[in-house]
Amino acid sequence: MRPFPEPDPGEPALGSPGRYLLWLVSAHRASAVLAVGYGVLCTLAQAFVPAAIGRGIDRGLVAADRGALVAWCAVVLGLGLTQAVTGTLRDRCSVTNRFGAGYRTMQLVTRKAARLGAELPRRVSAGTVVSVGATDITRIGAALESTARGGGAVVSVAVVAGVMLTASWQLGLVALVGVPLSAAVVAALMRLLHARQHELRKEQGALADLAVDIVDGLRVLRGIGGERVFADRYRERSQRVRHEGVRVAGVESGVAAGRLLLPGLLVAVIVWLGAHFVGTGRMSPGALVAFYGYAVFLAEQLRRATSMVDQLTRALVAARMVTDLLAMEPGLGSGDRDLDAEAARGTLRDPGSGLEIPPGRFVAVACDRPDDMLLLADRLGRYVDSPVTLGGTPLAEFPLDEVRRRILVVDHDARLFSGGLGSQLDPHGRAGGGADFTADGTADRLRRALDTASAHDVVEALPEGLGQEISGGREFSGGQRQRLNLVRALMADPDTLVLVEPTSALDAHTEARIAERLGAHRRGRSTVVFTTSPILLDRADHVVLVEEGTVVAEGRHGELLADARYRAVVTREVTTA
């Protein structure tokens, strides 16, 4: 059972954070209007309580009229019940707005991330994406939630000020002047707070980026003894965040002091003047009690109104980050030419480097520069604009989704997701269990993929095997993750599989088993392995040497060993001019 439906969120009104927040409100128009309406009714019921109590004192207690006292007590009770009912409904609608806004924003961010795909890490840092999901969405939801109480506060302040002005123009004037003045002072502090929060948000994003880098490279850092360097770097960056946090806290303390002190001074002035009016006979005791209640009520509503402004200020900062992410558009276009199974079995060729991948062959590519491996893999999979052709037709003319389905690129940074291991290894999710797990041959194909990747021991070591819940693969070593990623790639069974250093973290015996089985497993399909491992190169049908981004030699591994350039790349033999 889902707590919220999954409507199509449509396209938000981008361009400014304010427009995005208004779009969210319009997307929840019914609950937003009801929340504000209930909030106004609730605060007005609360606002009329002091007037009812004052009338009860004057017409019941002072006049010694029991009937009037009972009647006004009943009015106070009715106002209290109205306040309780409308307050409950207000909070119900407010919570709906809060989680609805957060859910819609998460929908949009997730869909944008999926649409950008491999372009996302190149255009925005991981820390920024984490901060959007962990912090900014929460702030946007809290801002929409605050509009119910804040809207009711604004309306009730205007109503109570009018009532006070009618009952006593002197006290009403004090309220009409004091409330806007207090609000103006707090609003000035809010603007300063907005700027400070923006700087803090930037520093927090940078710190999150650094934390992600440290976690990803923790094993390597321990291996080379670099923990101290990164610890010092993290400490320095965290001190910047702390410094910005202290600056924000200074302004926040000023805002909190203004929200408490200014309404308190206003209450003190109103009560003092009211007591003076009672002493001179210009005001009844009940009216004084009512005005005191009004003053306390105004102070509370002013705090609610400024709290709403504070939440909206934070939401504007958060919405800026969200709209910046949503405004990104994929840089790669998508063609409309059909890419069927026959077309996908054509020769894959990169004119820039001269690299050709014949259909149905196991080709290994050795590059003298590690960066060229990733660059060529991205070009073959069309993760960057390039003149690569498939069967003589530029990849750019085919739909991008079809290219992704037909050509799968798996680099050494490929990740597992959280969830059941079986469902992570099978792209169709059937390996997680179910009636069709064995009926459609998924179990046999998974068993064969595990055998090819020499990963049976990884699964068998888990208490629940394929049903084991994993948390993004953090519980596995680097070599275990590589083997599981290879299993997932083999289960996808694309027409062309491009692997980048798939065995770099494995021991020689395990690597040899994988090298021996990979070609047979992929027989009839194109397989490209970017590697400098002699074990993999020796098992390939065809080996290509790339030097400075250009193909300079081709052949079998044994033949190419006669080339000094090849030996320098594969065996690390140092050549002399």
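Owing to the predicted nature of the structure, the values given are computational and were not obtained by experimental measurement. Computed from heavy atoms alone, side chains included, the values below leave out hydrogens, waters and symmetry copies. The residues of the chain are indexed from 1 along the displayed sequence.
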Query - Lys/Arg N to Asp/Glu carboxylate O, D324 vs R320, below 4.0 Å - result: yes
Query raised in the report: Under 3.5 Å, is there a donor-acceptor pair between the R314 and Q311 side chains?
Result: no
Query raised in the report: Going by distance alone, is a donor N or O of one side chain under 3.5 Å from an acceptor N or O of the other, for S94 and Y38?
Result: no
Report task. Evaluate the criterion side chain to side chain contact (heavy atoms under 4.5 Å, CB included) for residue pair V25 and T147; output intermediate values, then yes/no. Result -> CA-CA 10 Å; V25 171; T147 55; 6.0 Å; no
Query raised in the report: Any donor and acceptor pair, going by atom type alone, linking the side chain of Q468 with main-chain N or O of L462 inside 3.5 Å?
Result: no
**Report entry** CZ/R404: more than 12 non-hydrogen atoms of other groups inside 6.0 Å
**Finding:** yes
Requested in this report: Give a yes or no on whether the backbone of R382 and the side-chain of S386 come within a donor-acceptor separation of less than 3.5 Å.
Outcome: no
Requested in this report: Ignoring hydrogens and angles, tell me if any N or O in the side chain of Q482 forms a donor-acceptor pair with the backbone of E501 under 3.5 Å.
Outcome: yes
Requested in this report: Without swapping roles, check the side chain of S334 against the backbone of L400 for a donor-acceptor pair under 3.5 Å.
Outcome: yes
Requested in this report: Evaluate the criterion side chain to side chain contact (heavy atoms under 4.5 Å, CB included) for residue pair V384 and R379; output intermediate values, then yes/no.
Outcome: CA-CA 6 Å; V384 294; R379 292 169 72 170; 3.6 Å; yes
Query raised in the report: Do L120 and L325 have side chains that get closer than 4.5 Å, going by heavy atoms?
Result: yes
Query - Heavy-atom closest pair, residues M328 and K112 - result: O-NZ, 2.8 Å
